[in-house]
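Computed from a predicted model, the values in this text were never measured in an experiment. Lettering follows sequence order; numbering is per chain, from 1.
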Protein chains: 2
Amino acid sequence: MEQKTYTISDLAKEHEVTPRTIRLYEEIGIVAPQRDGNKRIYAERDRVRLRLAIRGKGLGMSLAEVKELIDMYDNTGRDEKKQLKRLLEKLQERRDILLTQRRDIELTLAEIDRIADKARSTLAELERAKVN
Amino acid sequence: MEQKTYTISDLAKEHEVTPRTIRLYEEIGIVAPQRDGNKRIYAERDRVRLRLAIRGKGLGMSLAEVKELIDMYDNTGRDEKKQLKRLLEKLQERRDILLTQRRDIELTLAEIDRIADKARSTLAELERAKVN
DNA sequence: TATTACGTTAACGTAAGCGTCAATTATCAA
DNA sequence: TTGATAATTGACGCTTACGTTAACGTAATA
């Protein structure tokens with residue numbers, strides 16, 4: 001089975017980030033491309049990890065947190081009990097944070113809808129009053 | 001109706017931030033306490049805005065974005081059409097972002113549950129095998 | 001009165017997350 | 001061969017969001 005590969009600008013365009021960003025993520029250890037001379041060759045695995053990283057960032061995680069979490073995704077299997085327990089703890093922590101965030105999003109969405117409704121009705125009044 | 005007021009450390013403790021943070025938020029315009037001599041006196045309005053700010057931060061907003069959004073919460077009423085339309089646009093933008101975030105949270109939660117299940121069953125196997 | 005707690009401003013420090021050159025190399029089409 | 005295009009490695013700079021002294025004032029309490 002042939003592996004599909006990507007250049008840095010392939011991934012940059014696809015994810016709407018700059019190459020600089022991807023190189024930074026490599027420095028941190030989020031991606032680990034192969035080399036063809038001095039060109040970086042990214043595998044599907046890198047692509048997935050990049051996507052996960054960007055998603056995590058969008059949720060407010062630091063790159064360090066992102067790396068930790070993503071490494072865990074890859075890490076399943078062949079682990080000692082201690083590692084596995086640690087993994088489960090970490091997952092639980094992140095889960096709690098995500099649940100809090102989801103709740104905060106619901107709260108904020110509700111606020112926004114409330115404000116928007118108000119604004120729309122005020123606007124409608126102005127229209128009726130012909131205050132253009 | 002008497003107004004309840006708070007000191008900076010009241011709010012700091014309640015929201016688990018340092019006074020330094022609250023003073024920074026004042027500089028930015030998120031809160032605007034009264035003064036008693038050179039002591040800051042926070043009203044309920046400040047408390048609400050601080051809470052909203054912290055919530056927004058937890059969702060990955062910058063303080064500038066937070067301020068913009070919070071100001072809009074306060075701004076309803078006595079507005080011209082143009083302002084109202086601008087407000088509605090901004091609310092829509094933020095709404096879209098929140099919906100994306102919510103979806104990303106669902107995706108991440110699903111991933112976490114998948115990994116956790118796997119880890120738990122691996123752990124159970126190790127237990128059975130008495131590899132302690 | 002001395003201590004403790006809490007408040008103030010001012011200023012420097014720092015980690016994160018890139019942007020932005022600069023100087024260079026490699027590739028590919030015309 | 002000559003550009004044009006894309007890639008590379010530094011290296012410096014910048015913004016955000018605070019932390020962390022320092023140096024000092026005030027107010028209640030022992």
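- Look at A:Arg47 and A:Glu14 and you find a salt bridge, because one of the NZ, NE, NH1 or NH2 atoms lies within 4.0 Å of a carboxylate O, short of that distance.
- A straight line from CZ of A:Arg23 to P of D:dT9 spans 7 Å, rounded to a whole angstrom.
- In this structure, A:Ile30 atom CD1 and C:dG17 atom C1' are separated by 11 Å, rounded to whole Å.
- As rounded to whole Å, 11 Å separates atom P of C:dA26 from atom CG of A:Asp36.
- A:Glu125 has no carboxylate O lying under 4.0 Å from a charged side-chain N of A:Arg128, or vice versa, which leaves the two without a salt bridge.
- A side-chain donor-acceptor contact under 3.5 Å links A:Tyr6 and A:Glu44.
- Taking atom NZ of A:Lys39 as the reference point, atom P of D:dT5 lies 15 Å away to the nearest angstrom.
- At least one side-chain heavy atom of A:Asp71 sits less than 4.5 Å from a side-chain heavy atom of A:Arg49.
- Taking atom CD of residue A:Glu27 and atom C1' of nucleotide D:dT9, one finds them 11 Å apart after rounding to whole Å.
- In this structure a side-chain-to-backbone donor-acceptor pair under 3.5 Å is present from A:Asp10 to A:Thr7.
- Nucleotide D:dT9 holds its P atom 8 Å from the CD1 atom of A:Ile8, rounded to whole Å.
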Result block: side-chain N/O donor-acceptor pairs under 3.5 angstrom for residues 19-30 of chain B, not counting sequence neighbours:
from, atom 1, to, atom 2, distance (Å)
B:Thr21, OG1, B:Thr18, OG1, 3.2
B:Glu26, OE1, B:Arg40, NE, 2.6

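- Residue-environment remark: CD (B:Glu106) exceeds the threshold of 12 foreign heavy atoms within 6.0 Å.
- For the pair A:Ile22 CD1 and D:dT8 C1', the computed distance is 14 Å after rounding to whole Å.
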Do nucleotides 10-22 of chain D as a string where each nucleotide becomes B, S or -: B if the base has a protein heavy atom under 4.0 Å, S if just the sugar-phosphate does, - if no protein is that close. -B-----SBBB--
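- Within 4.0 Å (heavy atoms only), B:Arg40 reaches sugar-phosphate atoms of the nucleic acid but no base atom.
- Distance CD (A:Gln34) to P (D:dT8): 14 Å, rounded to an integer number of Å.
- Taking a 4.0 Å limit (strictly below) on heavy-atom distances, residues 42-56 of chain B does not reach DNA chain C anywhere.
- Salt bridge present: B:Asp117 and B:Arg120 bring a charged side-chain N and a carboxylate O closer than 4.0 Å.
- Counting heavy atoms from C-beta outward, A:Thr122 and B:Leu84 have side chains that approach closer than 4.5 Å.
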